[in-house]
Amino acid sequence: MFEVHAIDPERLPELLRVMPKAELHIHIEGSLEPELIFALAQRNGVSLPYADVAALRSAYAFSNLQSFLDLYYAGASVLLHAQDFYDMAWAYFEKAAADQVVRAELFFDPQTHTARGVPMGAVIEGLSRACRDAQTRLNISADLILCFLRHLSEEEALATLEAALPWREHFIGVGLDSSEVGHPPEKFARVFARARELGLHCVAHAGEEGPPAYIWGALDVLKVERIDHGVQAIHDAGLMQRLADSRMPLTVCPLSNLKLCVFKTLSEHNLGQILDAGLCVTLNSDDPAYFGGYLNDNYLQTFADLQLNAQHAYQLAANSIEASFAPEADKHRWLRELTTCFQSFEQRDGMPLRAG
Ligand code: ADE
Ligand code: ZN
């Protein structure tokens, strides 16, 4: 691990903004800003139960995961055509580029759309075209991860996976999201086995609101390569040891946890503890349009409230690159760029002031 030498703490926010980083936990439907929801509603003739953008935004006060999901699924109802999915993803990529995101792995929820009669092809083709343009126009490497809604049955998840197979080359993995408590990972054992057979990467939300047992289940039954959230692992010492020893990545989303009342305040978030326990923690935005911030907002607010330092910044950015499913050559290149970025901050700090 690169050891960070003295960097002026006052320059830490600038360093957080400009350092290259990967985002591994972003639901693309959660990047739909109220302005775009209203624009798409008008374009598609969908009526919304809110008078205007301000009225919709004022409804964004959540007490738990479910209270958010109800609004999130309602917001996604304006997405009908491939171009809508493209526009949504493109708006996210422009924000990601400004945040120096070099790699983005986007979750999408096909069942939210196919249940309304939107063809699978419209969803995947729109998102996939935006990913290709992100590479050519913004130099962001991007891929898609298809998520199953865990409040629905495993049969529906299996049917969704089969329905997506004509677009197999357009997504790199599968995930598991939506209402966690009452829907343990074991419910999806067969669909994840099928996904592994197909050579897809596997990740799952576990331990966002659910107990450590759900994290064990995601590891041992679904055989995931990353845990999304995972903050409840702190209550199980044996699990913390397992996660640390295996360098199992956790994709943690502090502003999401704050807005969904997993922690009362950001300063009570356990990110610092799990990082210091040696876990491969990454920082992510989850549903940035709903939780008040994109990736750099998560970095800036978390570092301020938890009093993290430049070494933590390097660790989190390096973890995000290490934990990504990008080709190894790209990961090595981004790690070198990350180190160069930090060195340039050290050097400038050490430079004598020029006379005259
Ligand atoms: N879908 C979108 N955001 C989610 C979250 N934070 N947890 C579970 N499912 C989600
Ligand atoms: Zn999530």
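Counting begins at 1 with the first residue of the sequence. As the structure lists them, so they are numbered: ligands from 1, and atoms in each ligand from 1. Just so it is clear, the structure is predicted and the values come from calculations on it, not from any experiment.
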Checklist entry - When you look for heavy atoms under 4.0 Å from ligand 1, do you find them on the side chain of L65, its backbone, both, or neither? => result side chain
Checklist entry - What protein heavy atom is closest to atom 6 (N) of ligand 1, reported as residue, atom name and distance in Å? => result D286 OD2, 2.7 Å
Checklist entry - Should the ring pair F107 and H27 be called parallel, tilted or perpendicular, given that the plane angle runs from 0 to 90° and is split at 30 and 60? => result tilted
Checklist entry - F148 vs F192 aromatic rings, parallel, tilted or perpendicular, using cut-offs 30° and 60°? => result perpendicular
Next on the checklist: I'd like to know whether ligand 1 has L69 as a neighbour, heavy-atom separation below 4.0 Å.
Outcome noted: yes
Checklist outcome for this item: protein heavy-atom neighbour closest to atom 9 (N) of ligand 1 works out as S178 N, 2.8 Å
Item to check | Geometric class of the H25/H229 ring pair [parallel <30°, tilted 30-60°, perpendicular >60°] | outcome: perpendicular
Checklist outcome for this item: So the atoms of ligand 1 within less than 4.0 Å of a heavy atom of D287 turn out to be 2 (C), 3 (N), 4 (C), 6 (N)
Next on the checklist: Working to 10°, measure the angle at the Zn ion (ligand 2) formed by atom NE2 of H27 and atom NE2 of H205.
Outcome noted: 90°
Checklist entry - Between F62 and Y290, what is the ring plane arrangement, given parallel below 30°, perpendicular above 60°, and tilted in between? => result tilted
Item to check | Short N/O/S contact of D286 with the Zn ion (ligand 2) (below 2.8 Å) | outcome: yes
Checklist entry - For ligand 1, is there an atom lying under 4.0 Å from some heavy atom of G30? => result no
Item to check | Per-atom contacts of ligand 1 with H229, taking only distances under 4.0 Å to non-hydrogen atoms | outcome: 6 (N)
Item to check | K331 and E328 ion-paired at < 4.0 Å | outcome: yes
Checklist entry - Counting heavy atoms only, which part of E208 comes closer than 4.0 Å to ligand 1: side chain, backbone, both or neither? => result side chain
Checklist entry - Is the charged tip of R137 near the ring of F93: under 6.0 Å from the six-membered ring centre and within 45° of its axis? => result no
Checklist entry - Could you go step by step and tell me if Q301 and D297 meet the side chain to side chain donor-acceptor pair (under 3.5 Å) rule? => result CA-CA 6 Å; Q301 294 186 41; D297 301 311; 5.1 Å; no
Item to check | ligand 1 versus Y72: contacting region, heavy-atom distance under 4.0 Å | outcome: side chain
Checklist entry - Strictly under 4.0 Å, does any heavy atom of F68 approach an atom of ligand 1? => result yes
Item to check | Parallel, tilted or perpendicular: ring planes of F108 versus F171, cut at 30 and 60 degrees | outcome: perpendicular
